[in-house]
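Notes for the one structure printed next.
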Amino acid sequence: MDTVSPDKDGCYYNKSIKFFYEESKKNISNVWRTRDYVVVSLGMTVCFIVIFSNLLVIVAILKNKRFHFPIYYLLGNLALADLFSGVSYLHLMFHTGPWTIKLTKHQWFVRQALIDTSLTASVLNLLAVAVERHQTIFSVQLHSSMSTGRVFTVILCIWLVAILMGLVPTMGWNCLCDLPNCSTMAPLYSRSYLVFWAVLNLITFSIMLAVYTRIFVYVRHKTKQMSQHTSQMRYKETVFNLMKTVSLILGCFVLCWTPGLVVLLLDGLGCDRCQVLRYEKYCLVLAECNSFVNPIIYSFRDKDMWHTFRQILCCQWYRGRDYSGTSEVHFNTLEHENGKSRVADSMVKSNGASLIHNGSEDATASLGE
């Protein structure tokens, strides 16, 4: 129940959620409207699609040994972050609209922390993918030489940092003791925190774009120097296919999340004439849609992943047929490619040294054209 005066020293710990929403001039209703039913129904439908599709990706990576390499572990962790995002938004659907007014401040902070954690995990994971691609491409390999233990250590660190970032407002960076600094979109969050959050993520996006741009420039320059030898041409094609797919994932993420981060930044800067509440719902929907975009990309870009999806959905865990021999995917295992190369090498002699030395013999990949 609301108190008439502040708790102590200008803080409002005993105030209700309704009090903060009214102070921020954010509309909060205690009755269900048609709009609320539509938003919650569509939101829940999207959440279930997100959870199912990303769970399918995770199971596919665990099932198919062709995906047991650092880049796929990171992509699997990205799917886990998207799955967590689906769970977070599903939780939001059960604590939004007229339900919001019944929340305690602790429940409200938990609701927001789940969403913040999922975004941070996705951003950090994409950054890890960018670093992994930079390291492997510049060392002229298909896969990182990073050990499985080190990859999982990176994944663990990603989630620890993500959870920490999600808890920052709960631990004190809020406006419970600074009412004039409360944001409009998130009435219990400090505007300064929103500025920090938005700028940090936008800078990270810029870094990732710069890294991928440098990789593409390097790959284009390097492949022009390669001979027409079978294994080198296949390596060039493989690298480009993987880079296109990973870059498409990054591009969709940036396109889906940047509008929301810009709106958060404008809110944090106190732009009253920007009418951020008008665009809030659209940005939220766009951000959530990104979580089921990646499985679609995998399905269309990676034939091996698509075949694995079909096996899982049809409960075909054990099959006699090997799809690797018939798939149109160009990003095959090098063991498979070496078998084809030996046939070509029996007719054409190579005058140059192999492009990939020690690291190529145990590398695998399957991201498609």
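Residue numbers count from 1 along this sequence.
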* Nearest 0.5 Å please: distance from the CD1 atom of I296 over to the OG atom of S53. => 7.5 Å
* Same cluster (ILVMFWY, side-chain, under 4.5 Å), Y73 and V131 -> no
* **Any residue meeting salt bridge (Lys or Arg N to Asp or Glu O under 4.0 Å) with R191, in chain and number order, not counting sequence neighbours** => D267
* Atom pair CZ (F109) and CG (L103), whose distance is rounded to the nearest 0.5 Å -> 12.0 Å
* To do: List for me each residue that meets salt bridge (Lys or Arg N to Asp or Glu O under 4.0 Å) alongside K105, sequence neighbours excluded, and say none if there are none.
  => none
* So which of I158, V129, L126 actually passes side-chain contact (heavy atoms from CB on, under 4.5 Å) with L78? -> L126
* Asked: Taking C-beta and beyond as the side chain, do L188 and L176 meet within less than 4.5 Å on heavy atoms?
  -> yes
* Indicate the atoms forming the closest heavy-atom contact of N64 with D304, along with that distance. => ND2-O, 4.4 Å
* **In one Ile/Leu/Val/Met/Phe/Trp/Tyr side-chain cluster, 4.5 Å: V151, L156** => no
* Decide yes or no for Y12 and E23: does some side-chain heavy atom of the first lie under 4.5 Å from some side-chain heavy atom of the second? => no
* Indicate yes or no: at least one non-hydrogen side-chain atom of K25 is less than 4.5 angstrom from one of L277. => no
* Could you check if a side-chain atom of P187 sits within less than 4.5 angstrom of a side-chain atom of C182, using non-hydrogen atoms only? => no
* Asked: Tell me, do L56 and I312 make a side-chain contact under 4.5 Å, heavy atoms counted?
  -> yes
* Asked: Do S85 and E288 have side-chain heavy atoms sitting under 4.5 Å apart?
  -> yes
* Asked: Below 4.5 Å, heavy atoms only, C-beta onward: do L284 and Y89 meet side chain to side chain?
  -> yes
Side chains of residues 116-123: which donor-acceptor partners sit under 3.5 Å, not counting sequence neighbours?
{"from": "D116", "atom 1": "OD2", "to": "Y189", "atom 2": "OH", "distance (Å)": "2.9"}
{"from": "T117", "atom 1": "OG1", "to": "A113", "atom 2": "O", "distance (Å)": "2.7"}
{"from": "S118", "atom 1": "OG", "to": "I115", "atom 2": "O", "distance (Å)": "2.7"}
{"from": "T120", "atom 1": "OG1", "to": "D116", "atom 2": "O", "distance (Å)": "2.9"}
{"from": "S122", "atom 1": "OG", "to": "S118", "atom 2": "O", "distance (Å)": "3.1"}

* Asked: CZ of F52 to CZ of F292: how many Å apart, nearest 0.5 Å?
  -> 14.0 Å
* Asked: Does I155 reach the side chain of W159, with side-chain heavy atoms less than 4.5 Å apart?
  -> yes
Side-chain atoms of residues 202-215: list all donor-acceptor pairs with protein atoms under 3.5 Å, sequence neighbours left out, distances to 0.1 Å.
{"from": "T204", "atom 1": "OG1", "to": "L200", "atom 2": "O", "distance (Å)": "2.8"}
{"from": "S206", "atom 1": "OG", "to": "L202", "atom 2": "O", "distance (Å)": "3.0"}
{"from": "T213", "atom 1": "OG1", "to": "L209", "atom 2": "O", "distance (Å)": "2.7"}
{"from": "R214", "atom 1": "NH1", "to": "H134", "atom 2": "NE2", "distance (Å)": "2.6"}

* Taking every non-hydrogen atom, the tightest pair across M305 and A60 -> SD-CB, 3.7 Å
* Structure fact -> Looking only at heavy atoms, the pair that brings N30 and P98 closest together is C-CB, 4.0 Å
* Structure fact -> Output for pair (L194 CG, L261 CG), nearest 0.5 Å, gives 10.5 Å
* **Stepwise disulfide (SG to SG under 2.5 Å) test for C256 and C289** => CA-CA 8 Å; C256 290; C289 286; over 6 Å; no
* Structure fact -> For R278, the side chain to side chain donor-acceptor pair (under 3.5 Å) test, sequence neighbours excluded, returns Q275
Please list, one pair per line, the donor and acceptor atoms closer than 3.5 Å that link side chains of residues 38-51 to other protein atoms, with sequence neighbours excluded.
{"from": "S41", "atom 1": "OG", "to": "Y37", "atom 2": "O", "distance (Å)": "2.7"}
{"from": "T45", "atom 1": "OG1", "to": "S41", "atom 2": "O", "distance (Å)": "2.9"}

* **Side-chain (N290) to main-chain (W257) donor-acceptor, under 3.5 angstrom** => no
* Asked: Going by atom types only, do S24 and T184 share a side-chain donor-acceptor pair under 3.5 Å?
  -> no
* To do: Flag the pair K26 and E280 as a salt bridge only when some basic side-chain nitrogen lies within less than 4.0 angstrom of an acidic carboxylate oxygen.
  => yes
* Ring centroid separation W99 to W32 under 6.0 Å -> yes
* Pair K63-Q311, side-chain donor/acceptor within less than 3.5 Å -> yes
* To do: Give, for atom CG of L75 and atom CD1 of I249, the distance between the pair rounded to the nearest 0.5 Å.
  => 5.0 Å
* Nearest atoms (heavy-atom pairs only) where C177 meets Y13 -> SG-OH, 3.3 Å
* State, without any angle test, whether N174 and S190 hold a side-chain donor-acceptor pair at a distance under 3.5 Å. => no
* Asked: Do the numbers put K15 on top of the ring of F19, so that NZ or CZ is under 6.0 Å from the six-membered ring centre and no more than 45° off the axis?
  -> yes
* Hydrophobic cluster membership, V285 vs V276, 4.5 Å side-chain cutoff -> no
* When hydrophobic residues are tied together by side-chain contacts of less than 4.5 Å, even through go-betweens, does L62 share a cluster with F84? -> yes
* Asked: Are Y193 and L269 co-members of a hydrophobic cluster defined by side-chain heavy atoms under 4.5 Å apart?
  -> yes
* To do: Work out which heavy atom in T100 is nearest to a heavy atom in I17; give both atom names and the distance.
  => O-CG2, 3.8 Å
* **Flag for N54-N294: side-chain donor and acceptor within less than 3.5 Å** => no
* Nearest-0.5 Å distance, NE2 of residue H95 to CG of residue L90 -> 10.0 Å
* Structure fact -> Closest non-hydrogen contact found for G97 with D36 is CA-OD1, 4.5 Å
* **Neighbour count above 12 (heavy atom, 6.0 Å) for R33 CZ** => yes
